[in-house]
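We name chains A, B, ... by the order of the sequence lines, and we start the count at 1 in each one.
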Amino acid sequence: MDDKKNISGNDVNKKILNPQSNDKVKAKYNIVEAEAQTKKFWDENKIFKFDKKRKGKIFSVDTPPPTVSGKMHIGHAFQYSQQDFITRFWRMKENVFCPFGTDDNGLPTGLLVERLKQVRSKDMSRSEFVKLCLETLKEITPSFIQDWKNIGVSCDYDIYYSTIDDNSRKMSQKSFIDLFNDGRVYKKEFPTLWCTQCQTAIAQAELEDKDLPSKFSTLKFSLEGKDLLIATTRPELLGACVGIFVNPKDKRYAGYVGKNALVPLFNYEVPIIADASADMEKGTGVLMVCSYGDKYDVEAINRHKLVPRLIISLDGTLIVDPYRGMKIRDARARILEDLEKNNLILDQKDMEHTVNVHDKCGTEVEFLTTEQWFIRILDLKKKLISQGKKVKWHPEFMFKRYKNWVEGLEWDWSISRDRHFGVSIPAWFCERCSKTIVASEEELPVDPLQVEKRCPKCSELAVPEEKVFDTWATSSITPQITSSLIGNDVTIPYSVRNNAHDIIRTWDFYTITKSYLHEKKIPWDNMMVSGFVTLKGEKMSKSKGNVIDPRIVLEQYGADALRFWASSAKLGEDLNFQEKDLVTGKKTITKLWNATKFVFMNLEDYDGKKPRKLEMLDKQFLYKLNELVSVCTEAFENYDYAKAKSSTETFFWKMFCDNYLEIVKRRVYNNEPGKKSAQYTLYTSLFTLMKLLAPIMPFITEYIYQKYFKMREKDVSIHLSRWPKIGSIESTQELDLFLDILTRVRQEKSNKKKSMKSEVKLKLSKENMEKLDTMLEDLKNVTNAIAILEEDFDIDFV
RNA sequence: GGGCCUAUAGUCUAGUGGCAAAACGACUCGUUUACACCGAGUAGUCGGCAGUUCGAUUCUGCCUAGGCCCACCA
């Protein structure tokens, strides 16, 4: 526990900046330089440009637009890398459409600008604040997007949208108008979730739990001169009490039903009502109903047609005397004092209880009555679940989270927010006719505050809507927005969307909803859900101070190492951040570089042709490679990039470097007859390995491709080359035996503390001699045997 | 209270109805015509209890612990 608290993000970042390992400057592959060069190459040659005209199936990606926040978070790096593994794999098979966008139209952006510019939007005019937001976005967005390019996310950045740009606003407003015309949208005055800090309505999905200390007080109401005891945590709502519930089965209070009780301090009467929802076990068994303590109160007041007493204003102050003007918290303390003075508290104890707070600011949420816009969805729950089921979720269990959320929905989708910055709701209201007027399609995007509208019926000047949309109302149509950017050449369902599991209930749910409402289709065929990054098992968050800055990781280890790390977690699994994983990634990069250098050192006289006859050992090695290609292809197709990566990594390191290279070294040096066979095998297998790794480590593989392979290959980039075909897979029995014997020789040399170069006399059984007939020369080379004799198996040192 | 996920070596992760695996760390060696960001080798592990089975780390149930989501929160 204490340990965890000591780890601050700063310490971690410092450690990364000044690694203790003595990094020698000898490195020949300069990560930072090579990655910069490669990025430039991709950019200049538009490698990831979507080419409509290209033939073949289109693989379309509904890239999540990150919320503009200054800089990329390590969680972003993790998740977008995972998306990119899949995207790059498919780009080597199909025509990839992968646009990029940023989400910057909503409350988070507004709050960011308030923070950066030290202003309060409510103190400014709407147009002033919107202008400031747009200007600020212009300043900070380019370097924000650069972070995505830096980790190698292979989007076509020219197909770009921001959720506040004209086209997005237009499409978002059009969506609203269509749904309005369909009768799906309604406006209603209703007690809704309200944040008194941000001063806006919020959605169910924006709630977060928080444990707060509280006082549980038993108060004395009075009834016919006797005390009626009611326990509450919210005494400040006494003035909003509109009724008292007791359970109809509760004998203690049976005689009270139908009578009126006197509210302490406020001294007015409220009816006592029998209602089964009152729990006899809780508190005193008597429950006060207030307008509005929670959503239970909302329901109870409606059910009994009680008249609400609204005592809290939108900014969270009381509007009832004598507490008028006081903040809720202050009023609570003051009322308790006053109750105490008047001897109206029987009992009081401290407790901790869980309250709903706004996820953006942590303020306790209130239920306040305001007029808000909703999209009717509660009648569609079943349908939306079955739509969600049509999507293939990776991993599969993520669908259950979606289903769980939809089943638990209790409110329609609240889409309006009382903020300055956002996509305007394109509506006006004629007060005389009580009629809502929506914009026509031709005038979109529109800001109703800037356009005068007259009622078509009575010609009276209509009142413009001041509210804006919640950000999800717009981001829920990202597939349609990106489609519109290319003339609708790609349409839903897209191939895939990727996001972390925290926004299944918002972004994914709302997108499925909108695609259903507009097109009766699912938005994508596949949904890949990423996990979170943790540090020492804890979720990273700014408030805990345990965040890792990806920019520092990039400086020290490079994007390939970062991606290498991100690929080590299976899709959907959380991953602990560990610096040693980056070290491993960096080492792998170096190894790739060194192995490549070595291979090409020996390919100077390679003629590029496949020899008529391949050595048996080479042939069987290539069978093993084919097996790897098969495993990786299937893994990538199933979104299991982690398996593809680890299989390739192991093959490259163990099979290719430690075994195959060691085995054929001498054959190649000494210009023996098998040289051409080895050269062909080296070239082919290294190239295949590069392709298999290209989706995971795009920089080093591209760099190597450009430097070594390009002269013999036609593709401009390795990322536009074809994914390796799965060749024939046949028995590798002899090679396996060969490797087994090699291991035993190495073991023996280690046991005897001999050098691997020490000479031996190798004795093999007749059976093995025959089996390895075609590989004896290689065996001799790699074990440094001066002779191989036919006898019982043994290893003699010379 | 409901749902979901996870539990494997000192650490972090693979994996399987039939010898349990990689990386890092530890230990013992070796090495210079790719690589010390190296090579070879050694030691060390399936949360607990039942059940199904010839056989369970793997399947089932329960328990324990951790995480996430939802509900409750007079």
Side-chain angles (χ1 to χ4, degrees), chain A residues 21-24 26-29 204 207 209 211-212 214 216-219 229-234 237 244-245 277-279 281-290 293-294 296-297 351-356 395 397-405 407-410 501-502 504-505 531-532 534 536-539 568-570 572-581 583-602 642-643 646-647 649-650 653-654 657-658 661-662 665-666 668-669 742-743 745-758:
Chain A
S21 60
N22 47 337
D23 214 342
K24 288 191 182 164
K26 207 181 143 196
K28 284 157 205 152
Y29 176 75
Q204 190 181 347
L207 296 179
D209 286 351
D211 288 323
L212 290 175
S214 170
F216 192 54
S217 314
T218 305
L219 310 181
L229 301 175
I230 300 182
T232 181
T233 53
R234 300 207 58 187
L237 289 177
I244 290 172
F245 283 8
S277 69
D279 186 336
E281 309 289 313
K282 279 189 185 169
T284 60
V286 186
L287 161 68
M288 69 172 191
V289 176
C290 305
D294 52 36
Y296 168 87
D297 284 340
M351 61 177 289
E352 181 149 291
H353 76 155
T354 316
V355 294
N356 284 132
F397 69 78
M398 291 294 179
F399 169 67
K400 290 182 197 160
R401 294 203 184 185
Y402 171 86
K403 188 170 170 239
N404 204 258
W405 171 256
E407 278 170 348
L409 278 177
E410 294 180 61
H501 53 66
D502 57 334
I504 291 175
R505 62 181 190 163
F532 281 139
T534 57
K536 302 253 168 187
E538 283 194 18
K539 191 175 151 182
S568 61
K570 268 198 302 190
E573 303 268 315
D574 291 351
L575 181 64
N576 237 325
F577 179 87
Q578 290 201 112
E579 197 171 349
K580 73 177 180 64
D581 292 336
V583 174
T584 310
K586 199 173 165 186
K587 275 159 96 169
T588 305
I589 292 164
T590 308
K591 187 81 174 174
L592 282 168
W593 180 247
N594 287 327
T596 303
K597 263 191 336 195
F598 177 61
V599 165
F600 280 90
M601 250 166 56
N602 292 296
K643 185 178 184 180
S646 68
S647 310
E649 183 198 1
T650 308
W653 209 295
K654 295 283 162 205
C657 292
D658 296 345
L661 286 186
E662 290 302 327
K665 248 178 189 174
R666 289 229 209 148
V668 176
Y669 292 155
L742 173 57
T743 301
V745 174
R746 283 169 169 171
Q747 238 164 20
E748 193 58 23
K749 286 182 177 176
S750 263
N751 288 344
K752 295 266 158 64
K753 300 190 193 290
K754 298 272 193 186
S755 148
M756 284 300 128
K757 293 229 150 169
S758 57

Regarding [X], tell me which of base, sugar-phosphate or nothing describes its non-hydrogen contacts under 4.0 Å with the strands shown.
X        : result
A:Ala595 : base
A:Met601 : sugar-phosphate
A:Ser647 : nothing
A:Ser646 : nothing
A:Thr590 : base
A:Asn602 : nothing
A:Trp405 : sugar-phosphate
A:Glu662 : base

Check whether any side-chain nitrogen or oxygen of [X] sits under 4.0 Å from OP1 or OP2 of [N], and answer yes or no.
X        : N     : answer
A:Lys403 : B:C69 : no
A:Lys587 : B:C35 : no
A:Thr233 : B:A74 : yes
A:Trp653 : B:A23 : no
A:Tyr669 : B:A34 : yes
A:Lys400 : B:C69 : no

Exercise. Which atoms form the tightest heavy-atom contact between A:Ala569 and A:Ala642, and what is the distance?
Worked result: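 Distance-wise, the nearest heavy atoms are O-CB, 3.8 Å.
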
Exercise. In terms of ring plane angle, is the pair A:Tyr296 and A:Phe245 parallel, tilted or perpendicular, where the classes change at 30° and 60°?
Worked result: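 Perpendicular, since the angle between the ring planes exceeds 60°.
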
For this session: Select from A:Ala569 and A:Val286 the residue whose nearest nucleotide in RNA chain B is closer to the 5' end of that strand.
Result: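 Its nearest nucleotide lies further toward 5', so the answer is A:Ala569.
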
For this session: Name the residue closer to the 5' end of RNA chain B, choosing between A:Ser277 and A:Asp502 according to the nucleotide with the nearest heavy atom.
Result: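 In this pair, the answer is A:Asp502.
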
Spacing between [X] atom [atom1] and [N] atom [atom2], to the nearest angstrom:
X        : N     : atom1 : atom2 : result
A:Lys665 : B:U33 : NZ    : C1'   : 8 Å
A:Leu575 : B:C68 : CG    : C1'   : 16 Å
A:Lys643 : B:A22 : NZ    : P     : 17 Å
A:Asp294 : B:A71 : CG    : C1'   : 13 Å
A:Phe532 : B:U6  : CZ    : C1'   : 16 Å

Exercise. With sequence neighbours excluded, what pairs up with A:Glu407 under the side-chain contact (heavy atoms from CB on, under 4.5 Å) test?
Worked result: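 side-chain contact (heavy atoms from CB on, under 4.5 Å) check on A:Glu407 returns A:Ile385, A:Lys403.
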
Exercise. With A:Lys665, which residues qualify under side-chain contact (heavy atoms from CB on, under 4.5 Å), at least two apart?
Worked result: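 In terms of side-chain contact (heavy atoms from CB on, under 4.5 Å), with neighbours along the sequence ignored, A:Lys665 is linked to A:Phe598, A:Glu662, A:Tyr669.
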
Looking at the side chain of [X], which of [options] is the nearest nucleotide?
X        : options             : value
A:Lys591 : B:C72, B:G30, B:C38 : B:C38
A:Asn356 : B:A74, B:C73, B:G3  : B:C73
A:Asn594 : B:A34, B:C69, B:C4  : B:A34

For [N] and [M], measure between their [atom1] atoms and round to the nearest Å.
N     : M     : atom1 : result
B:C19 : B:U57 : C1'   : 14 Å
B:A34 : B:A23 : P     : 23 Å
B:A71 : B:A9  : P     : 36 Å

Exercise. Any donor-acceptor pair under 3.5 Å between the side chain of A:Lys586 and the base of B:C37?
Worked result: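 Counting by modelled atom types and ignoring angles, no donor-acceptor contact under 3.5 Å is found here.
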
Problem set entry | A:Lys749 side chain to A:Lys754 backbone, donor-acceptor under 3.5 Å |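 It does not hold such a pair.
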
Atom pairs under 3.5 Å: protein N/O with N/O of nucleotides 7-9 of chain B:
none

Problem set entry | Where RNA chain B forms stems, i.e. three or more consecutive Watson-Crick or G-U pairs with both distances under 3.5 Å |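 If one scans RNA chain B for consecutive Watson-Crick or G-U pairs, the stems found are B:1-7 with B:64-70, B:26-30 with B:38-42, B:47-51 with B:59-63.
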
Would you tabulate the pairs of protein nitrogen or oxygen atoms and nucleotide nitrogen or oxygen atoms of nucleotides 40-43 of chain B closer than 3.5 angstrom?
{"unit_1": "B:A40", "atom_1": "OP1", "unit_2": "A:Asp658", "atom_2": "OD2", "d": "3.4"}
{"unit_1": "B:A40", "atom_1": "O2'", "unit_2": "A:Arg746", "atom_2": "O", "d": "3.1"}
{"unit_1": "B:A40", "atom_1": "O2'", "unit_2": "A:Ser750", "atom_2": "OG", "d": "3.0"}
{"unit_1": "B:A40", "atom_1": "N3", "unit_2": "A:Ser750", "atom_2": "OG", "d": "3.0"}
{"unit_1": "B:G41", "atom_1": "O4'", "unit_2": "A:Ser750", "atom_2": "OG", "d": "3.3"}
{"unit_1": "B:U42", "atom_1": "OP1", "unit_2": "A:Gln747", "atom_2": "NE2", "d": "3.4"}

Problem set entry | By side-chain hydrogen bond (donor to acceptor under 3.5 Å, both in side chains) - contacts of A:Asn404 (at least two apart) |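 Partners of A:Asn404 by the side-chain hydrogen bond (donor to acceptor under 3.5 Å, both in side chains) criterion come out as none, since no residue qualifies.
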
